[in-house]
Novice: 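One structure, as structure tokens, below. Some questions next.
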Amino acid sequence: MSSAPLYDDLVKGPEGGRAFWIHSGDGVRLRAAIWPRDTARGTVLCFPGRTEYVEKYAEAAMSFAGADLATATIDWRGQGLADRLCADPLLGHVDHFSDYQKDVAAFRTLAEAQGLPRPWYVIGHSMGGAIALRAVIGGLPVTAAVFSAPMWGIRMTPPLRALAWSLSWSSRRLGLDRTYAPTTSADPYVLTEDLQSNRLTSDPAMWQFMRDMLDRHPELGLGGPSLRWLHEALKECRALMQIPPPDLPALCYAGSEEAIVDTDVMRDRMARWRHGDFLSIPGARHEILMEAPIFRNQTIAAILDTFAPAVQPA
């Protein structure tokens, strides 16, 4: 592994964040970042959503540092500064959803090599929530899990869902699976919407941060998903819901204004999770860790309650 860029001195934190190049088992170069804590009594592994990059989690890392937790996060294949998988670098693509587990394995190897303090915890946001659930089911050694508006189901009307299955399935047979899914394009979402209409956050400062990062570093930008990604995501959502919940404490939360992923699926899953809770955040949109402070602080408190063994005085 070698050093990778971590953009913007403002997000490095008081003890200095550091980014690394790592490689998955199939040779894809990934970027990961760690925000250490000298007094850490545990580590939060952050699994970002589609289109995200490690710098977005610096604010959350500073919150966790205040509770004596280190934080590590990753650029998944095809996004951030990780290797892009298509000739069009703005196309969000993956050949198989299971490929993300190869990235998880490389991320875990980094965490072990860097001696990140245990116990480990995981937070998976949106697409990262699906990746995290699969990883936990597969034995990722975490003490508790938090799912932030996880992509366990994609919000669609029944007719649109039927069309999505049909188009995404047939695209591979027709050699069109590396084309943009309908209604999407190469334009990054945060550069095409405004504060009022966007589905991610109601916080002006966070919204401007996301826009400014892509203005300064357009190489971080990502457009819409490919039809292949859509088909793989739909298959993974369906498969995950057939698997019994793992036996560990878990929290799943979503905003009442969620408009991207399916909250009914979340509620159903958590109702069957023996040590799981579902939390609705009234007024919040999709990216609650990038939401207004009133929403963000409430959510951080709930997360730390779930991670309580790591933050209690010795």
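Bear in mind the structure is a predicted one, so any value in this text is a computation, not a measurement.
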Novice: Are the side chain of S197 and the backbone of E193 linked by a donor-acceptor contact shorter than 3.5 Å?
Specialist: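 No; zero donor-acceptor contacts below 3.5 Å.
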Novice: So which of L248, D268, D247 actually passes side-chain contact (heavy atoms from CB on, under 4.5 Å) with W273?
Specialist: L248
Novice: With side chain to side chain contact (heavy atoms under 4.5 Å, CB included) as the test, would you mind laying out the steps for D88 and R178 before giving the verdict?
Specialist: CA-CA 9 Å; D88 177 0; R178 294 192 178 213; over 6 Å; no
Novice: Salt bridge check: are R267 and D262 linked by an N-O gap of less than 4.0 Å?
Specialist: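 No, no charged N to carboxylate O under 4.0 Å.
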Novice: Check whether any side-chain heavy atom of Y57 sits under 4.5 Å from a side-chain heavy atom of I123, and report yes or no.
Specialist: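 Result no, sub-4.5 Å side-chain heavy-atom pair not found.
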Novice: Can you check whether I260's main-chain N or O pairs, donor with acceptor, with E258's side chain at less than 3.5 Å?
Specialist: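 A pair under 3.5 Å: yes.
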Novice: Could you walk me through whether S202 and E291 satisfy the side chain to side chain donor-acceptor pair (under 3.5 Å) test, starting with their C-alpha distance in whole Å, then the side-chain angles of each, then the deciding distance to 0.1 Å, before giving a yes or no?
Specialist: CA-CA 6 Å; S202 62; E291 255 289 6; 2.7 Å; yes
Novice: Without swapping roles, check the side chain of R37 against the backbone of A65 for a donor-acceptor pair under 3.5 Å.
Specialist: yes
Novice: How far apart are the C-alpha atoms of V28 and K102, what are their side-chain angles, what is the distance that settles it, and do they pass the side chain to side chain contact (heavy atoms under 4.5 Å, CB included) test?
Specialist: CA-CA 9 Å; V28 177; K102 300 172 184 176; over 6 Å; no
Novice: When you measure from the centre of the six-membered ring of W120, is the NZ or CZ of R108 under 6.0 Å away and within 45° of the axis?
Specialist: no
Novice: Any donor-acceptor pair under 3.5 Å linking the side chain of E52 with the backbone of G49?
Specialist: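 Yes, because the side chain of E52 sits within donor-acceptor range (under 3.5 Å) of the backbone of G49.
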Novice: Ignoring hydrogens and geometry, is there a side-chain-to-backbone donor-acceptor pair from R172 to S168 under 3.5 Å?
Specialist: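 The answer is no, because no donor-acceptor pair under 3.5 Å joins these two groups.
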Novice: Are Y253 and S148 close enough, and set up right, to give a side chain to side chain contact (heavy atoms under 4.5 Å, CB included), and what steps lead you there?
Specialist: CA-CA 5 Å; Y253 62 80; S148 168; 3.1 Å; yes
Novice: Check for me, please, whether L91 and F97 land in the same ILVMFWY cluster - side-chain distances under 4.5 Å, paths through other members count.
Specialist: no
Novice: Under a 4.5 Å cut-off applied to non-hydrogen side-chain atoms, are P245 and R274 in contact?
Specialist: no
Novice: Does the side chain of T263 reach to within under 4.5 Å of the side chain of S256, using non-hydrogen atoms?
Specialist: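 Counting from C-beta outward, T263 and S256 never come under 4.5 Å.
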Novice: Hey, would you say the F147 and W152 ring centroids sit under 6.0 Å apart?
Specialist: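 F147 vs W152: aromatic centres under 6.0 Å.
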Novice: Do L163 and L176 share a hydrophobic cluster, counting only Ile, Leu, Val, Met, Phe, Trp and Tyr and linking them when any side-chain heavy atoms are less than 4.5 Å apart?
Specialist: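 Result: no, two separate clusters.
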Novice: Between T299 (side chain only) and F295 (backbone N and O only), is there a donor and an acceptor less than 3.5 Å apart?
Specialist: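 Pair found, side chain donor or acceptor close to backbone of F295.
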Novice: Any salt bridge linking R118 with E112? Criterion: basic side-chain nitrogen under 4.0 Å from a carboxylate oxygen.
Specialist: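 A salt bridge links R118 with E112.
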Novice: Quick one: does Y189's side chain get under 4.5 Å of T184's, heavy atoms only?
Specialist: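 Y189 does not reach T184 side chain to side chain.
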Novice: Would you mind telling me which of L160, L234, V261 makes a side-chain contact (heavy atoms from CB on, under 4.5 Å) with I154?
Specialist: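 Answer to the side-chain contact (heavy atoms from CB on, under 4.5 Å) test with I154 among L160, L234, V261: L234.
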Novice: Do P48 and W76 come within less than 4.5 Å of each other through their side chains, counting heavy atoms only?
Specialist: yes
Novice: Distance-only, no hydrogens or angles: does the D212 side chain make a donor-acceptor pair with backbone N or O of F209 under 3.5 Å?
Specialist: no
Novice: Do E232 and Y100 have a side chain donor and acceptor closer than 3.5 Å?
Specialist: no
Novice: Are D103 and F47 close enough that some pair of their side-chain heavy atoms sits under 4.5 Å apart?
Specialist: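 No, too far: nothing below the 4.5 Å cut-off.
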Novice: How about L227 and P182: do any of their side-chain heavy atoms sit closer than 4.5 Å?
Specialist: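 Yes, their side chains come closer than 4.5 Å.
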Novice: Verify, without hydrogens or angle tests, whether Y121 (side chain) and V146 (backbone) share a donor-acceptor contact under 3.5 angstrom.
Specialist: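 Not confirmed, Y121 side chain does not pair with V146 backbone.
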Novice: Starting from the C-alpha separation in whole Å, work towards a yes-or-no answer on side chain to side chain contact (heavy atoms under 4.5 Å, CB included) for R269 and F278.
Specialist: CA-CA 9 Å; R269 160 64 68 169; F278 179 80; over 6 Å; no
Novice: Taking only Lys NZ, Arg NE, NH1 and NH2, and the carboxylate oxygens of Asp or Glu, determine whether E55 and R31 approach each other closer than 4.0 Å.
Specialist: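 Counted as a salt bridge, because a side-chain N and a carboxylate O are separated by less than 4.0 Å.
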Novice: Verify whether one side chain among S171 and R228 offers a donor that lies under 3.5 Å from an acceptor in the other.
Specialist: no
Novice: Is it true that W21 and L30 fall in one hydrophobic cluster, defined by side-chain heavy atoms closer than 4.5 Å?
Specialist: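 As far as the 4.5 Å side-chain criterion goes, L30 and W21 are connected within one cluster.
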Novice: If you measure only the distance, is there a donor-acceptor pair under 3.5 Å linking the side chains of T201 and D203?
Specialist: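 Side chains of T201 and D203: no pair found under 3.5 Å.
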Novice: Could you tell me whether a side-chain N or O of T109 sits under 3.5 Å from a main-chain N or O of A105, the two making a donor and an acceptor?
Specialist: yes
Novice: Any chain of hydrophobic side-chain contacts (each under 4.5 Å) joining M151 to L222?
Specialist: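 Each belongs to a different hydrophobic cluster.
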Novice: Please identify which of these residues, H286, R50, E287, meets the side-chain hydrogen bond (donor to acceptor under 3.5 Å, both in side chains) condition with S126.
Specialist: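 The passing option is H286.
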Novice: Give, for atom CH2 of W229 and atom NE2 of H96, the distance between the pair rounded to the nearest 0.5 Å.
Specialist: 16.0 Å
Novice: Check D95, D83, L85 against R77 for a side-chain contact (heavy atoms from CB on, under 4.5 Å) and give me the one that passes.
Specialist: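 Among D95, D83, L85, the one meeting side-chain contact (heavy atoms from CB on, under 4.5 Å) with R77 is L85.
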Novice: Is I243 atom CD1 crowded by more than 12 heavy atoms from other residues, nucleotides or ligands, each under 6.0 Å away?
Specialist: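 Yes, because the 6.0 Å sphere around CD1 of I243 holds more than 12 heavy atoms from other groups.
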Novice: Less than 4.5 Å apart, side chain to side chain, heavy atoms only: is that true for H125 and M290?
Specialist: no
Novice: Quick one: pull up CG in D177 and CG in L230 and give me the separation to the nearest 0.5 Å.
Specialist: 11.5 Å
Novice: I'd like to know if L90 and M213 are part of one continuous hydrophobic network [Ile/Leu/Val/Met/Phe/Trp/Tyr, side-chain heavy atoms within less than 4.5 Å].
Specialist: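 In one cluster: no.
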